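Predicted model only: the values in this text are computed from it and were never measured.
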Amino acid sequence: MSGNATSRGLDAQGFIEREGSLARVPHAFRPVVAAARDGLLEVFKTRLDSAYLYGSVPRGNARVGRSDLDLLVALREEPTDADREAVRTLGEALDKDFPQIDGVGTLLYGRSRLLSELETYDLGWFLACLCTPLLGEDLAEYLPRYRPDSLLARETNGDLALLLPRWRQRIADVEDTDEARLPLVRFMSRHLVRTGFTLVMPRWNGWTSDLTEMAEAFGAYYPERAEQMRATAVLGYEPRGDSAVLRSYVDDLGPWLAEEYARVHGIKAPRPD
């Protein structure tokens, strides 16, 4: 972040500062990033518009053997099923070759969708504020600056009610072992904490990607749910495959949060998919 950034992730004009940079990538992860860059160029060649890192690696707080590598890839046209299979295969190869990462997650979109009016305050904001340029043109140049307001809150996480039925199905379908449930606990914990944070983000007037700080910000406005959110943040970093945790997410915390979110910020604009 620039020297003008506040402790709450905003610049001097109150816009959300872009987090992360290639300079902050820890030394242990630099070979992984270089291999990912080369792999994307090899797979997509001239079809690749741009690529980005996001998450703990470009923020500089990735943990060796524990953190995953997160990528956002923009193609010149809409991706095909073959493209999605190609990035999945690349991710599996990187995960196998580099023990310092624990998995690879790649978001794959066409340039036109990322720059569409519908996605301006969701995928567009994500790219402009949470993603670090790795390859190609930086599409953030075509996007506005963002403030931590109710519009941003609604369009980023105002769809939790739609997600909960899918989550219940995923829980029902997962193998009945702690190991199989671990990724679900991690994913749902992080999603719920981030949703809780963006619920209060306009009042807190800032941005953070730290789950612990997100939970504390939320708890300041909803003290009756503060301990529950703090525990959820812990599980976002150190998950355990407890089926009771997953049930509590879809039967208690999730439904309450979805209802309160809709009351405060409204519901996210429908997406084609």
### Query
Does the pair Leu257 and Leu160 meet the rule for a side chain to side chain contact (heavy atoms under 4.5 Å, CB included), with working shown?
CA-CA 8 Å; Leu257 189 53; Leu160 182 57; 3.9 Å; yes

### Query
Passes salt bridge (Lys or Arg N to Asp or Glu O under 4.0 Å), Asp159 versus Arg271? Steps please.
CA-CA 10 Å; Asp159 58 351; Arg271 298 305 197 261; over 6 Å; no

### Task
Decide yes or no on ring pair (Phe, Tyr, Trp, His ring centres under 6.0 Å) for Phe29 and Phe98, but give the supporting numbers first.
CA-CA 9 Å; Phe29 292 89; Phe98 295 95; 10.0 Å; no

### Message
Between Arg230 and Glu227, is the side chain to side chain contact (heavy atoms under 4.5 Å, CB included) condition met? List the steps.
### Response
CA-CA 5 Å; Arg230 290 188 189 104; Glu227 285 303 319; 2.4 Å; yes

### Query
For Arg181 and Leu246, what are the C-alpha separation, side-chain angles and deciding distance, and is it a side chain to side chain contact (heavy atoms under 4.5 Å, CB included)?
CA-CA 9 Å; Arg181 284 187 290 263; Leu246 292 173; 3.8 Å; yes

### Task
Please step through side chain to side chain contact (heavy atoms under 4.5 Å, CB included) for the pair Val193 and Met229, ending with a clear verdict.
CA-CA 7 Å; Val193 173; Met229 194 63 80; 3.9 Å; yes

### Message
Test salt bridge (Lys or Arg N to Asp or Glu O under 4.0 Å) on Arg47 and Asp83; report intermediate values, then the result.
### Response
CA-CA 11 Å; Arg47 297 177 59 226; Asp83 293 329; 2.8 Å; yes

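Salt bridge status for Arg59 with Glu19: present, with a side-chain N to carboxylate O gap under 4.0 Å. Classification of Asp122 and Arg154 as a salt-bridged pair fails, no side-chain N sitting under 4.0 Å from a carboxylate O. One finds a salt bridge joining Asp138 and Arg18 here, because a Lys/Arg side-chain nitrogen approaches an Asp/Glu carboxylate oxygen to under 4.0 Å. Using a 4.0 Å cut-off between charged side-chain N and carboxylate O, Arg240 and Asp242 make a salt bridge. Using a 4.0 Å cut-off between a side-chain N of Lys or Arg and a carboxylate O of Asp or Glu, Arg88 and Glu92 qualify as a salt bridge.
No continuous path of hydrophobic side-chain contacts links Leu118 to Leu143 [ILVMFWY only; heavy atoms under 4.5 Å]. Neither Leu71 nor Leu130 shares a network with the other; the hydrophobic side chains, linked directly or stepwise wherever heavy atoms of I, L, V, M, F, W or Y lie under 4.5 Å apart, form separate groups for each.
Arg66 places a side-chain heavy atom less than 4.5 Å from the side chain of Glu238. Proximity of Leu114 to Leu123: side-chain heavy atoms (C-beta onward) are separated by under 4.5 Å at one or more points. Considering only heavy atoms from C-beta on, Asp251 comes within 4.5 Å of Arg168 through its side chain. For the pair Ser56 and Ser67, the minimum side-chain heavy-atom distance is below 4.5 Å. Val57 is not listed as a side-chain neighbour of Thr132, based on a closest heavy-atom distance of 4.5 Å or more. Counting heavy atoms from C-beta on, the side chains of Trp125 and Arg145 never come closer than 4.5 Å. Contact annotation: the side chain of Arg190 never approaches that of Thr232 to less than 4.5 Å [non-hydrogen atoms, C-beta and beyond]. Residues Val73 and Tyr52 fail the side-chain proximity criterion, which asks for heavy atoms closer than 4.5 Å.
Here the closest non-hydrogen pair linking Leu41 and Leu48 is CD2-CD2, 4.0 Å. The minimum heavy-atom distance between Leu192 and Gly254, with the atom names listed, is CD2-CA, 4.1 Å. Nearest approach of Tyr146 to Gly124, heavy atoms of both residues: OH-C, 3.6 Å. Across every non-hydrogen atom of Ala28 and Val64, the tightest pair is CB-CG2, 3.8 Å.
Within the cation-pi definition used here (under 6.0 Å to the ring centroid, within 45° of the axis), Arg8 does not qualify as a partner of Trp207.
Checking side-chain atoms of Asp49 against main-chain N and O of Arg76 turns up no donor-acceptor pair under 3.5 Å. With hydrogens and angles disregarded, a donor-acceptor distance shorter than 3.5 Å links the side chain of His265 to the backbone of Leu199. In terms of modelled atom types and a separation under 3.5 Å, the side chain of Lys45 and the main chain of Glu42 share a donor-acceptor contact. A donor-acceptor pair under 3.5 Å is formed between the side chain of Thr177 and the backbone N or O of Ala180.
At most 12 non-hydrogen atoms from other residues, nucleotides or ligands lie less than 6.0 angstrom from CD1 of Ile267. Other residues, nucleotides and ligands place no more than 12 heavy atoms under 6.0 Å from the CD atom of Glu179. Counted within 6.0 Å of CG on Asp173, heavy atoms from surrounding residues, nucleotides or ligands total more than 12; the atom is thus considered enclosed.
Between Tyr222 and Phe218, the ring-plane angle classifies as parallel under the 30° and 60° cut-offs.
Between the side chains of Arg225 and Gln228, at least one donor N or O sits under 3.5 Å from an acceptor N or O. Side-chain atoms of Ser189 and Tyr237 form no donor-acceptor pair, as typed in the model, at a separation below 3.5 Å.
Put simply, the residue from Glu77, Glu119, Glu137, Glu78 that forms a salt bridge (charged side-chain N to carboxylate O under 4.0 Å, His left out) with Arg111 is Glu137.
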